[in-house]
Structure formats: C-alpha cells, structure tokens
*Asks:* 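Mind looking over this structure? Questions follow.
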Protein chains: 2
Amino acid sequence: MQKAIIQDYLNNYFSHFEPKLKNALAKGCTIKTFPAGEQLMQTGQYFKSTMLLVGGLVKVYRQGDDGGEFFVYHLEPGSACALSMICATKQEKSEVLATAVEDTTALLVPIAMMDDLMRDYKTWYYFVLETYRSRFEELLEVIDHIAFKSMDERLSYHLEKLSKQHGSKELYTTHQQIASDLGSSREVISRLLKKMEQHGNVVLQRNSIQLRN
Amino acid sequence: MQKAIIQDYLNNYFSHFEPKLKNALAKGCTIKTFPAGEQLMQTGQYFKSTMLLVGGLVKVYRQGDDGGEFFVYHLEPGSACALSMICATKQEKSEVLATAVEDTTALLVPIAMMDDLMRDYKTWYYFVLETYRSRFEELLEVIDHIAFKSMDERLSYHLEKLSKQHGSKELYTTHQQIASDLGSSREVISRLLKKMEQHGNVVLQRNSIQLRN
DNA sequence: CGTTGTCGGTGACTAAGGTCACATGGTTCA
DNA sequence: TGAACCATGTGACCTTAGTCACCGACAACG
C-alpha cells in the first residue's frame with residue numbers, strides 16, 4: 001500500500017520529522033518518479049505541489065538568453081526544492097530548470113497542505129526555512145565563484161563537488177558536460193584538465209576522470 | 001510614544017499586514033537607526049532579531065577572500081532582510097555584509113516573536129516566504145548577469161538600477177564605487193562610461209553621472 | 001571491415017578585461 | 001597661492017578565456 005511506502009521514505013530521509021508530521025504527510029502525499037534525463041521543472045512553470053526528494057539526484061540550472069546553461073546546485077534525497085515550495089505557495093512562476101541526473105523519486109506535497117503544515121508543525125516550518133537558507137547559501141557561493149575565482153579554481157572545485165556527490169573519485173562525464181555546467185567551452189576545460197593531469201591531480205580517460213589527492 | 005511611531009511606520013510601509021499583526025509587532029518591536037555608511041551586518045555575525053526596513057536604503061554585498069566586494073542587492077523600506085530572518089530563527093551565521101547607503105531606520109523583531117508570528121498570522125508567513133522568494137530571484141538574476149553578460153551590459157543595467165532606486169537620472173557616485181559593485185576595476189569602468197558618453201547615453205561629470213534615454 | 005559519430009587534443013587567433021604607469025584637472029585648505 | 005588629495009583619462013601591456021579549424025582515437029554498428 002502506498003501510504004506505507006511513503007512512511008518508509010519519510011523514516012529514511014526525513015527521520016527528524018515528528019511522527020504526527022510524518023503521518024500528515026503520508027496522508028496527503030503522492031509518489032512520483034522521474035527517469036534519468038527527464039525535466040522536473042521548466043522556466044515559467046507553475047506548481048501545484050512541493051517536492052521532497054527521496055531518491056536519485058537532481059540538477060538545478062539556469063538558462064541564458066543565448067541558450068547556454070549554467071549549473072546552480074544539486075538536490076539530493078532528504079532535501080526539498082526550495083523554489084517549488086515558494087512558487088507553490090505563492091503561485092509564482094519558476095525561474096530555473098531542473099532535470100533528473102539519475103532516476104529520481106519524489107514525494108509531492110499538494111500546496112493545499114502547506115498552510116496547515118506550516119501552522120501546525122514547527123518542525124515543518126523550520127525545515128522550510130532551513131531549506132531556503134541552505135539554497136540561498138549555495139547561490140551566494142556560486143556568485144563568489146564566478147565573481148572572484150578563475151576557471152581552473154572553479155573546475156577543481158566543481159570536480160570535488162561531483163566526487164562528493166557520488167561518493168567516488170571516479171567521475172563518469174564528458175568535458176563538454178563540465179563545460180556547460182561551468183558556462184565555459186569544451187576546449188578550455190580540456191586544456192585545464194590536461195594541465196591538472198600534468199600536475200598529477202587527475203587521471204584522464206575517455207568518458208571518465210579520476211581524482212587524485 | 002514609541003508604540004505609536006511603530007504603528008505609523010507599519011501603516012506606511014507594511015499596510016497589507018492585518019491590524020492584529022501590526023499590533024503584535026508594535027508591542028514587540030524596537031526602532032533602530034543607522035547613519036549612512038554604518039554596517040548593519042558583518043559576515044559571521046549572529047542575530048537576535050530580524051529587521052523590517054522603514055526608511056533609508058541598505059546595500060547588501062559579498063566579500064571575496066582577497067577583500068574585493070561584490071554588490072548583491074539593495075533593501076528598501078517595506079522590505080525585510082531575508083537573511084536576518086532565517087539566521088535569526090536558526091541562529092546561524094550571516095554570510096554577507098550590509099551597510100546603510102542613506103540614513104536608515106529599521107524595526108527590530110526579536111526572534112522570540114518569530115515562532116508565534118509564523119503560527120498565528122498567515123500574512124506574516126506569506127510575507128516571509130515572499131521576502132525569500134524575491135531575494136532568491138535577485139540572486140539568480142545576479143548569477144545570470146555575471147555568467148552570461150559582458151561588462152558593458154552589466155554596467156548599463158547597474159546604472160539603470162541605481163537610477164530607479166533613487167528615483168533620479170542623476171547618480172552621485174564615483175567610477176571606483178561602481179567598479180567595486182560590479183567586481184571590476186576603475187579603469188575598465190571609466191573606459192566603458194566614456195564609450196557610453198560618446199554614444200550619447202550618459203553625461204559624465206566629476207562625482208556624478210546623468211543618464212539619458 | 002569501413003562508415004559514422006562522439007570524445008578529446010592542439011595550435012592559432014581574438015577579444016575582453018585587468019594591470020601599470022602616468023597625466024590632467026578639480027577641490028580643499030593651510 | 002601652492003600643496004595635497006581625489007576623481008578621472010589614457011596608452012601600453014598581459015592574461016584569461018572563448019573561438020575556429022582540424023586531427024586522431026575510440027566505439028558502435030551495419
């Protein structure tokens with residue numbers, strides 16, 4: 001039965017929610033899955049519910065007028081999409097894109113529930129604020145990086161981050177992909193990676209990068 | 001009497017708050033003023049209250065490791081500092097700097113009140129979310145600009161913004177100041193401004209810039 | 001096996017923006 | 001009036017990163 005599955009998810013990834021809150025959520029939520037590569041969110045979209053991630057990995061990014069994309073942050077199980085929370089409550093448009101990097105599972109919390117949850121469960125309200133705060137910080141970090149750092153620093157940092165995300169020193173990706181994430185071009189990234197390899201910081205193979213150090 | 005003054009401020013700048021909410025705020029708030037140039041917020045600071053602006057203008061900016069600063073957004077009367085809201089509730093450190101551009105007046109809402117306000121007044125909770133959402137959007141806009149736009153576009157945009165902020169086509173500032181805001185250097189800004197002047201978009205004088213068009 | 005597509009490597013060039021050095025011309029104030 | 005200071009203008013130069021053109025290597029697949 002679905003409700004039991006939802007309870008399970010909540011216990012695994014949102015264990016700090018009190019039992020009553022979990023029950024309330026289990027009652028109102030539905031489960032939705034997205035295969036890897038699928039868009040969860042487009043610019044200009046309206047939301048009817050907020051999402052709690054319970055499996056997979058989601059990439060959130062911004063699109064420029066010219067079509068270039070720019071990586072902003074990842075969402076992992078146990079986190080919520082701050083934008084969907086607020087856009088849902090306020091019925092505002094979304095301003096970013098999100099796609100599933102891996103097969104992803106999310107709990108959909110209908111906006112109709114939000115007001116009640118907010119009023120009745122301090123844990124929920126703290127959770128929402130905390131979600132916002134941490135995304136906000138990530139944005140500030142992104143700004144710091146593009147404002148103050150050079151490409152090579154940003155590249156190292158990005159690789160580190162990907163590595164932590166997947167819990168592995170072996171990254172399966174292409175130079176082109178990294179270039180889009182950082183808003184740069186393939187050649188530049190290839191060159192910088194080469195330099196890093198010469199310094200012994202990485203080992204390059206086709207379709208994969210191994211981090212040393 | 002102070003309570004009446006606070007009520008007055010609330011009526012002027014937060015007129016959409018319902019009377020009960022205004023009363024609750026008036027009971028718990030204190031007024032604080034900051035002379036132009038004073039820091040309202042440093043990195044690493046903890047908050048004991050959240051701020052509602054009721055007069056003046058505040059500049060929020062980020063500081064790089066090297067000491068360079070980078071303008072993020074302005075706060076005007078009628079808005080609240082999203083960061084102080086959340087940092088206050090969560091007792092987390094602040095990550096940005098804020099200084100008063102003009103003499104500034106703010107209402108301080110003690111964090112002890114936040115939980116109750118949040119629970120009892122839907123208007124307040126919507127206000128908090130909306131504050132967050134709009135700051136979030138501004139951050140995304142900043143990211144767009146540094147990621148996708150060239151310096152001359154960013155400069156024009158920044159001047160426009162300053163002009164709207166002060167409600168005047170005459171900006172009293174220095175090239176150096178603009179350069180810091182945009183994370184660039186004085187010479188570059190001077191050159192670009194010169195070019196804009198040649199195109200008839202601005203008129204330059206010592207310590208001031210007049211926008212045309 | 002050859003064809004085709006994707007990925008990565010590389011040199012040459014360009015453009016944007018940052019840096020340096022120094023000039024100019026107001027402003028202030030003794 | 002002249003010294004000190006500040007905001008600005010400007011040429012020369014350098015670095016970073018983006019672009020173009022093209023190549024080789026590998027994989028997939030008929």
Side-chain angles (χ1 to χ4, degrees), chain A residues 37 64-71 142-159 162 170-211, chain B residues 37 64-71 142-159 162 170-211:
Chain A
D65 311 325
D66 55 351
E69 57 181 70
F70 193 93
F71 171 78
V142 169
I143 290 178
D144 272 1
H145 276 86
I146 36 185
F148 297 122
K149 310 279 184 187
S150 55
M151 210 58 194
D152 52 353
E153 288 176 286
R154 289 177 53 207
L155 177 57
S156 307
Y157 184 83
H158 188 65
L159 295 179
L162 289 179
E170 189 90 19
L171 306 178
Y172 297 93
T173 180
T174 68
H175 298 185
Q176 181 57 63
Q177 182 53 55
I178 298 173
S180 324
D181 285 351
L182 298 179
S184 176
S185 70
R186 209 252 321 149
E187 295 93 319
V188 172
I189 299 300
S190 284
R191 268 195 268 272
L192 291 175
L193 281 172
K194 203 81 215 160
K195 210 179 284 175
M196 289 177 71
E197 190 177 40
Q198 282 158 11
H199 290 359
N201 300 331
V202 295
V203 177
L204 303 179
Q205 286 120 21
R206 189 186 172 84
N207 285 317
S208 92
I209 299 172
Q210 267 179 53
L211 299 196
Chain B
D65 311 324
D66 55 353
E69 58 182 68
F70 193 93
F71 172 78
V142 169
I143 289 178
D144 271 2
H145 275 86
I146 35 185
F148 298 121
K149 310 280 187 189
S150 56
M151 209 60 197
D152 51 354
E153 288 176 284
R154 290 177 53 207
L155 176 57
S156 306
Y157 183 83
H158 188 65
L159 295 180
L162 289 180
E170 189 90 18
L171 306 178
Y172 296 93
T173 179
T174 69
H175 298 184
Q176 181 58 63
Q177 183 53 53
I178 297 172
S180 320
D181 285 352
L182 298 179
S184 176
S185 69
R186 207 255 320 152
E187 295 92 320
V188 172
I189 299 301
S190 284
R191 268 194 270 270
L192 291 176
L193 281 172
K194 202 82 217 159
K195 209 179 287 173
M196 289 178 70
E197 189 177 42
Q198 281 156 13
H199 290 1
N201 301 331
V202 295
V203 177
L204 304 177
Q205 287 119 18
R206 189 187 173 85
N207 288 316
S208 93
I209 300 172
Q210 265 180 56
L211 300 196

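Chain letters run A, B, ... following the sequence lines, proteins first and then strands; every chain starts at 1.
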*Asks:* Using atom CD of Gln177(B) as one end and atom P of dA7(D) as the other, report the distance to the nearest whole Å.
*Replies:* 10 Å
*Asks:* Just the rounded figure in Å: distance from P of dT6(C) to CG of Asn207(A).
*Replies:* 12 Å
*Asks:* Applying side chain to side chain contact (heavy atoms under 4.5 Å, CB included), run through His145(B) and Glu153(B) and close with a yes or a no.
*Replies:* CA-CA 9 Å; His145(B) 275 86; Glu153(B) 288 176 284; over 6 Å; no
*Asks:* Might you work through the side chain to side chain contact (heavy atoms under 4.5 Å, CB included) test for Val188(A) and Met151(A), ending with a clear yes or no?
*Replies:* CA-CA 9 Å; Val188(A) 172; Met151(A) 210 58 194; 4.3 Å; yes
*Asks:* Just call it for Ser185(A): base, sugar-phosphate, or nothing, with non-hydrogen atoms closer than 4.0 Å on any strand.
*Replies:* base
*Asks:* Whether the side chain of Arg191(A) and the base of dT10(C) hold a donor-acceptor pair under 3.5 Å is what I'd like checked.
*Replies:* no
*Asks:* Please report the distance, rounded to the nearest Å, between CD in Gln205(A) and C1' in dA27(D).
*Replies:* 16 Å
*Asks:* Compare the minimum distances between each of dG18(C), dC7(C), dT8(D) and the side chain of Val188(B), then state the nucleotide with the smallest one.
*Replies:* dG18(C)
*Asks:* Measure CG/Leu204(B) against C1'/dT10(D) and give the value in whole Å, please.
*Replies:* 15 Å
*Asks:* Run the side chain to side chain contact (heavy atoms under 4.5 Å, CB included) test on His158(B) and Asp181(B) for me, step by step, so that the C-alpha distance in whole Å, both residues' side-chain angles and the decisive distance to 0.1 Å come before the verdict.
*Replies:* CA-CA 9 Å; His158(B) 188 65; Asp181(B) 285 352; 3.1 Å; yes
*Asks:* Select from Ser208(B) and Ser184(A) the residue whose nearest nucleotide in DNA chain D is closer to the 5' end of that strand.
*Replies:* Ser208(B)
*Asks:* Does a distance-only test, which skips hydrogens and angles, find a donor-acceptor pair under 3.5 Å between the side chain of Gln176(A) and the base of dC7(C)?
*Replies:* no
*Asks:* Rounded off to whole Å, could you give me the CZ-to-C1' distance for the Arg186(B) and dG17(C) pair?
*Replies:* 14 Å
*Asks:* How many Å lie between CZ on Arg206(A) and C1' on dA28(D), as a whole number?
*Replies:* 10 Å
*Asks:* Given side chain to side chain donor-acceptor pair (under 3.5 Å), test Gln205(B) with Ser208(B) step by step and report yes or no.
*Replies:* CA-CA 5 Å; Gln205(B) 287 119 18; Ser208(B) 93; 2.9 Å; yes
*Asks:* Under 4.0 Å between a side-chain N or O of His175(B) and OP1 or OP2 of dT8(D)?
*Replies:* yes
*Asks:* Please assess Glu69(A) against Phe71(A) for the test side chain to side chain contact (heavy atoms under 4.5 Å, CB included), listing each intermediate value before the final yes or no.
*Replies:* CA-CA 7 Å; Glu69(A) 57 181 70; Phe71(A) 171 78; over 6 Å; no
*Asks:* Nearest-Å distance, CG (Asp152(B)) to C1' (dG17(C))?
*Replies:* 11 Å
*Asks:* How many whole angstroms separate atom CE of Met151(A) from atom C1' of dT16(D)?
*Replies:* 11 Å
